[in-house]
Amino acid sequence: MITETACGCCGHRHVRSNHMDEKIPEPHVPAHAGSVIDPICGMTVDPATAAGRYDHKGVTYYFCATSCLEKFKADPEGALRPPPAAGLISLGKKKPLPMMMPSHADGEGAEIDPVCGMKVQPATAAGSHVHEGKRYFFCSVGCLAKFQADPASYLVPPSQRKAHTVTVPAGARIEYICPMDPEVLAYQPGACPICGMALEPKVVSLHEGPNPELQDMTRRLWISLGPAVLVMVLAMAHMIPGDPFGALGRGHALNWAQWALATPVVLWGGWPFFERGWASVVNRAPNMFTLIALGTGAAYAYSTVATMAPGLLPPSFHLHDGSVAVYFEAAAMITVLVLLGQVLELRARSQTTSAMKALLGLAPKTARLVGMDGSEKDVPLEAVQVGDRLRVRPGERVPVDGLVLEGATSVDESMITGEPMPVEKLAGKGVTGGTINGTGSMLMEARRVGRDTLLARIVQMVGEAQRTRAPIQRVADVAASYFVPLVVAIAALTAVAWAIWGPEPRLAHALVNAVAVLIIACPCALGLATPMSIMVGTGRGATAGVLIKKAEALEILGRVDTLVVDKTGTLTEGKPKLVAVRFTPPWTDDELLKLAASLERSSEHPLASAVVAGAERRGIALAAVEQFRSVTGKGVIGLVSRRRVAVGTSTFLQEEAGVSADDLRTSSEEAASLRHEGQTVLFVAVDGRVGGLLGVSDPIKSTTAEAVQALTDEGVKLVMVTGDHRSTANRVAEQLGIESVHAGVLPDQKGHLIAELRSKGRVVAMAGDGVNDAPALALADVGIAMGNGTDIAMESAGVTLVKGDLRGLVRARRLSQATMRNIRQNLFFAFAYNLIGVPIAAGLLYPHWGLLLSPTIASAAMTFSSVSVISNALRLRNVEL
């Protein structure tokens, strides 16, 4: 898919490919040595295609647009001067649109969500809003809520918006994203300005070394723990027999001692929470840290006033010794417990990408390069280039994707395909980087290196999938958009109710219970419920040979009740062989095959390749072709040795080669016989007369029958679609037990079949491997591409089966069902926790049982909620597929 990004400075649009095979780098991140950075806007520029260049002090600078070039010429020194703190970047959308203005339709009837820039169909939009006489459409309720809060800020170009910024260390190249708000992107660790959660490295950029956010939170936790415990002990001094603290444990002295211990805990240990809480206010994105900052801030501020100026408080607040009750222990322990929760959460979140880390670790660090003179030496993996010859010894990992030149061995491909049985590899067979060589030694040629290897493409695809949103996420989005304001309102009502109707001291009870409400509420549990499960689920799929491109596909796949499968390359091997030649006098079989193969050599169809290969096996020399023309799904025609030759269907020969129906009828019986044997029949015409028939056979994959049976047992209806003749298609269907067959279907008709099935209320998946399958793959509820098929099919599909084996689809459905079950469990827990916890914290149990919830206990409960959601998602790592 081709998309466009915009220079944040000049607005110039840059074409960019999302195709897995393209080596075009992400914006601002140089992906290879040939890339340079535009010094004005920071866009990645290829010097070969740059819009301009300029030499300054012996250095050549390249520019994405002439406007950037002119700005640089006007003030080179200013452009090259490093900004304070090594620079700032926007945490805006990863693929920004230059104007993100919904007044410009994008696509057929699509509008642009002014908040996130996503394409939105008005008919399926999550919501709309009229502003100054114009209606805007939104992809989620969250975006709608943000727009309603401040429409003006979203109706300006991104370059003029008030951006969320973070400091960029010099030379930083690792991208960090937010798991809840994947549009947030930064180049150093930090907190998300929307939800406040710690950013984490993108999967494709995982780096060695500890997580700096985890290190910081752990340090704050251990330093704050001791003082917080002492504050708690002092607060309970009156309950300890023997008065162990003496005067320090009573009256004003006690309050001052608690203040001295709690202040560094709250103001230093909890400073990140106050920063994130303030950011949520500035960005008008209330989140969990808004509540934590309000709760701990209120408890600490009140207690500080009560300690330093008790006379400012009403007499009802004073105890018998003249002091005032304080809640430093609550503020300190809440801070420590939230720190503990952050540590546990960060550790758990790091495990959600364990599958991708395992895949990244498969590639060896070095490769053994074989020189033209036969010498061998170890070189860094990055130094391997396409065409290099590499030696892979027994037990070593294959360094890159390539082709076996010499040797015979077996290779363990289980981490890539999910299949436990080693695969035999002989000369001419392909091998995949990261797989493990068996007991034999082999010489291979590198065909794909670096970002082009299957391993790198898998990691990239899964990384992108983990940052897409499943439709079920809208449930959490709706709740989250109202959650924090609702909790704040409940806390305020709680304070008012206790202040009016509560027992003495009323205001103290009002404060404590309001703080408990703010602390126990956990919007993060709602926000994490879906993305954590998607992240773990897609990673688990990658280790089983199932690549999920979009979270939406993962959600729908488990509900699929109809599977439309292409025959060639999906049910069959996709490597047809010429098995029969039937000539009509005066031609001989070699003469007929020479004419047909010469013509078919110009075609890319698998059947054409089979004919050409058959001629080569017989040692037939092929002739030149003139006036070659191909009609998709029907046949080819051209001049071979001054004769007009056509190869294709009988209809094609009538329409394009002028062959009469009577002439074709003489070969129909022979054609029927070949089709009954499961062969695909190609008619050959020479100078307007039938010259003979070619029979091509494509064997059924050894695993197809097992996969078809498993899918049928799970209630999935299989529909086979093929451009082949009905008798050939029926023969394959009979062998596999498929009842519904659509034969003689042209590529554009496959889409009509998909649409027809969907109109009947069926949830349709389409599995195919060829270019002609791409439109149908895109039209289906879920498109499934065979990993051994074409790249365009993989690009059009939402799911790719690495092995090119339909058994992978059975695994994919089970993964989908397990993931959706896990998401529903997470959402249920998150909703139930908040629905039960908030009323209890407000004092719901007090009238009947006299029970109140301590803010400290509320903090522990809040920590437990997020960690439990992540822990439940981690169970998907072990799901049986």
List the steps, then state whether side chain to side chain contact (heavy atoms under 4.5 Å, CB included) holds for Ile836 with Ile840.
CA-CA 7 Å; Ile836 295 172; Ile840 291 177; 3.7 Å; yes
Taking Ser280 for the side chain and Gly277 for the main chain, is one N or O donor matched with an acceptor at less than 3.5 Å?
yes
Between the CG atom in Leu221 and the CE atom in Met217, the distance rounded to the nearest 0.5 Å is 10.5 Å
For a 4.5 angstrom cut-off between non-hydrogen side-chain atoms, does Ile472 reach Leu827?
yes
Output yes when a side-chain donor or acceptor of Arg276 lies under 3.5 Å from a complementary backbone atom of Ala191, and no otherwise.
no
Can you tell me how far the CZ atom of Arg220 sits from the CG atom of Leu340, to the nearest 0.5 Å?
15.5 Å
If we ignore hydrogens and angles and just use 3.5 Å, is the side chain of Asn822 paired with the main-chain N or O of Ala818 as donor and acceptor?
no
Trace of the side chain to side chain contact (heavy atoms under 4.5 Å, CB included) decision for Ile823 with Met820:
CA-CA 5 Å; Ile823 289 174; Met820 294 312 300; 4.0 Å; yes
Do Ile519 and Leu291 have side chains that get closer than 4.5 Å, going by heavy atoms?
no
Anything under 30° is parallel, anything over 60° is perpendicular, the rest tilted; go ahead and classify His509 against Trp498.
parallel
Geometric class of the Tyr300/Phe328 ring pair [parallel <30°, tilted 30-60°, perpendicular >60°]:
perpendicular
Just so I know, are the side chains of Gln825 and Arg875 near enough to count as touching, which here means a heavy-atom distance under 4.5 Å?
yes
I'd like to check Ser303 versus Gln258 (side-chain heavy atoms, cut-off strictly below 4.5 Å). Are they in contact?
no
Kindly indicate whether the side chain of Tyr327, heavy atoms from C-beta on, has any atom under 4.5 Å from the side chain of Pro855.
no
From Asn872, Thr819, Asn826, residue fulfilling side-chain hydrogen bond (donor to acceptor under 3.5 Å, both in side chains) relative to Ser533:
Asn826
The test is side chain to side chain contact (heavy atoms under 4.5 Å, CB included); show your working for Val265 and Val231 and say whether it passes.
CA-CA 10 Å; Val265 174; Val231 172; over 6 Å; no
Locate the shortest heavy-atom distance separating Arg506 from Ala499; write the atom from each residue and the value.
CD-O, 3.1 Å
In terms of heavy-atom contacts, Ala257 and Leu234 come closest through CB-CD1, 3.9 Å
Return the orientation label for the Trp259 and Trp256 ring planes: parallel under 30°, perpendicular over 60°, tilted otherwise.
perpendicular
Would you indicate whether the side-chain heavy atoms of Met862 and Ile292 approach each other to under 4.5 Å?
yes
Side-chain donor or acceptor of Tyr833 paired with backbone N/O of Ile520 under 3.5 Å
yes
Supply the atom-to-atom distance Leu852 CG to Leu845 CG, rounded to the nearest 0.5 angstrom.
9.0 Å
Worked check of side chain to side chain contact (heavy atoms under 4.5 Å, CB included) between Val488 and Thr290
CA-CA 9 Å; Val488 173; Thr290 315; 5.5 Å; no
Partner of Met532 under side-chain contact (heavy atoms from CB on, under 4.5 Å), chosen from Leu876, Leu874, Ile870:
Ile870
So Ser224 and Thr335, do their side chains get closer than 4.5 Å, heavy atoms only?
no
With a 4.5 Å heavy-atom cut-off, do Phe273 and Thr296 have their side chains touching?
no
Atom CG in Leu294, atom CZ in Phe289: separation rounded to 0.5 Å?
13.5 Å
Can you tell me how far OG1 of Thr538 sits from CG of Leu554, rounded to the nearest 0.5 angstrom?
7.5 Å
Within a reach of under 6.0 Å around CH2 of Trp268, are more than 12 heavy atoms found that belong to other residues, nucleotides or ligands?
yes
In this structure, CG of Asp216 is separated from CD of Gln342 (nearest 0.5 Å) by 10.5 Å
